[in-house]
Trainee: 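Dropping the structure in here first, questions after.
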Amino acid sequence: VMEEASRAKVVGSTVGRESVKAARLIRDVNEVFDETDLSGIDVVEHLKPLITTATKRVSQLSKERFIKAVKALNQSEIGSFLQCFYFLGDLHDQVDKAVVNITSKAVIRVREALDVSRIGDMSKVQQQQQQSGGGSSSEKQRQEQQRPPPPPPPPTRTTAHQCHRHYHHHQQKLQQPD
């Protein structure tokens, strides 16, 4: 298992496959430990901390690579890391975190695009420029454009949660037979 976890650090699409193999082995070993009373066997007692370490390593690597795969819209890697989360028993939590993260970012982008105060400020600058006939207003306008917009307020948990619930409701409707 440690060998598979170490090999999972390979770059590229191999990372996903190696991570899946490592996660599957970890799950299989944990199932054997759960189904069979192996307490008191020195080799098994020695392996348990190694399995825990391997689980943490594979889980952490999968989380990091999953985020990169989502940003890159790499479907095959996304699928591989979702398999890892499934084998590690963490699929539901990781999908929930990803959906909340994506919906939160979408809410921020929409708020930025529809920021009424920013639209109003641009309108005022244009009116000032028309009234003064250009000149120094054009310099002010350039300065306004170069200044980054103020950051929007952080999205509320409720908004992201509502988006998440809507997503699950939509998925359920798609799965229902007509």
Side-chain angles (χ1 to χ4, degrees), residues 1-31 49-119 121-122 142 144-178:
V1 172
M2 290 298 287
E3 197 173 300
E4 290 294 332
S6 295
R7 276 196 268 162
K9 290 187 177 185
V10 178
V11 180
S13 65
T14 309
V15 174
R17 286 191 305 260
E18 295 297 325
S19 294
V20 170
K21 286 180 189 177
R24 187 179 311 132
L25 282 171
I26 289 168
R27 184 203 56 190
D28 292 346
V29 168
N30 283 330
E31 282 180 356
L50 296 175
I51 298 297
T52 302
T53 302
T55 303
K56 289 177 184 176
R57 287 174 66 186
V58 170
S59 178
Q60 184 60 38
L61 176 69
S62 296
K63 289 174 187 175
E64 292 168 4
R65 297 296 297 190
F66 178 68
I67 291 168
K68 289 180 183 179
V70 168
K71 285 181 182 178
L73 301 175
N74 187 331
Q75 292 179 355
S76 64
E77 283 196 13
I78 290 171
S80 293
F81 294 114
L82 288 174
Q83 273 188 304
C84 287
F85 298 141
Y86 171 78
F87 287 134
L88 296 174
D90 200 22
L91 179 63
H92 185 67
D93 290 340
Q94 292 305 319
V95 170
D96 283 348
K97 286 178 186 177
V99 169
V100 168
N101 185 19
I102 290 168
T103 55
S104 298
K105 287 180 180 180
V107 167
I108 290 170
R109 298 294 189 302
V110 169
R111 281 187 184 160
E112 288 173 353
L114 300 176
D115 186 3
V116 176
S117 64
R118 213 169 133 203
I119 295 170
D121 290 343
M122 292 175 71
R142 263 189 246 119
E144 288 286 327
Q145 288 175 347
Q146 289 176 352
R147 185 176 347 143
T156 62
R157 172 88 173 139
T158 304
T159 304
H161 185 69
Q162 288 170 344
C163 291
H164 179 70
R165 281 195 327 213
H166 177 72
Y167 169 79
H168 282 291
H169 175 72
H170 182 69
Q171 290 297 320
Q172 289 174 348
K173 285 177 75 177
L174 289 175
Q175 293 175 356
Q176 292 176 351
D178 291 329

Trainee: Looking at CD1 of Ile67 and NZ of Lys97, how far apart are the two atoms once the value is rounded to the nearest 0.5 Å?
Mentor: 9.0 Å
Trainee: Let me confirm one number: the CG-NE2 distance from Asp96 to His92, rounded to the nearest 0.5 Å.
Mentor: 4.0 Å
Trainee: If every non-hydrogen atom of Ala98 is compared with every non-hydrogen atom of Phe66, which pair is closest and at what distance?
Mentor: CB-CE2, 3.7 Å
Trainee: Nearest 0.5 Å, what's the OG-CZ distance between Ser62 and Arg57?
Mentor: 12.0 Å
Trainee: How close do Ile102 and Val70 get, counting heavy atoms only, and between which atoms?
Mentor: CD1-CG1, 3.9 Å
Trainee: SG/Cys84 to CG/Asp90 distance, rounded to the nearest 0.5 angstrom?
Mentor: 11.0 Å
Trainee: Which value, rounded to the nearest 0.5 Å, describes the distance between Lys71 atom NZ and Lys105 atom NZ?
Mentor: 5.0 Å
Trainee: Measuring from Ser80:OG to Lys21:NZ, what's the distance to the nearest 0.5 Å?
Mentor: 11.5 Å
Trainee: Should the heavy atoms of other residues, nucleotides or ligands under 6.0 Å from CD of Glu31 be counted, would the total exceed 12?
Mentor: yes
Trainee: Should Lys68 and Glu64 count as an ion pair when the cut-off is N to O under 4.0 Å?
Mentor: no
Trainee: Which atom pair, heavy atoms only, marks the closest approach of Ser19 to Leu61?
Mentor: OG-CD2, 3.8 Å
Trainee: State whether a side-chain donor-acceptor pair under 3.5 Å links Thr103 with Asn101.
Mentor: no
Trainee: Do the non-hydrogen side-chain atoms of Lys63 and Phe85 ever get within less than 4.5 Å of each other?
Mentor: yes
Trainee: Are side-chain heavy atoms of Phe87 and Val20 found at a separation under 4.5 Å?
Mentor: yes
Trainee: Which heavy-atom pair separates Ala22 from Val58 by the least distance, and what is that distance?
Mentor: CB-CG2, 3.7 Å
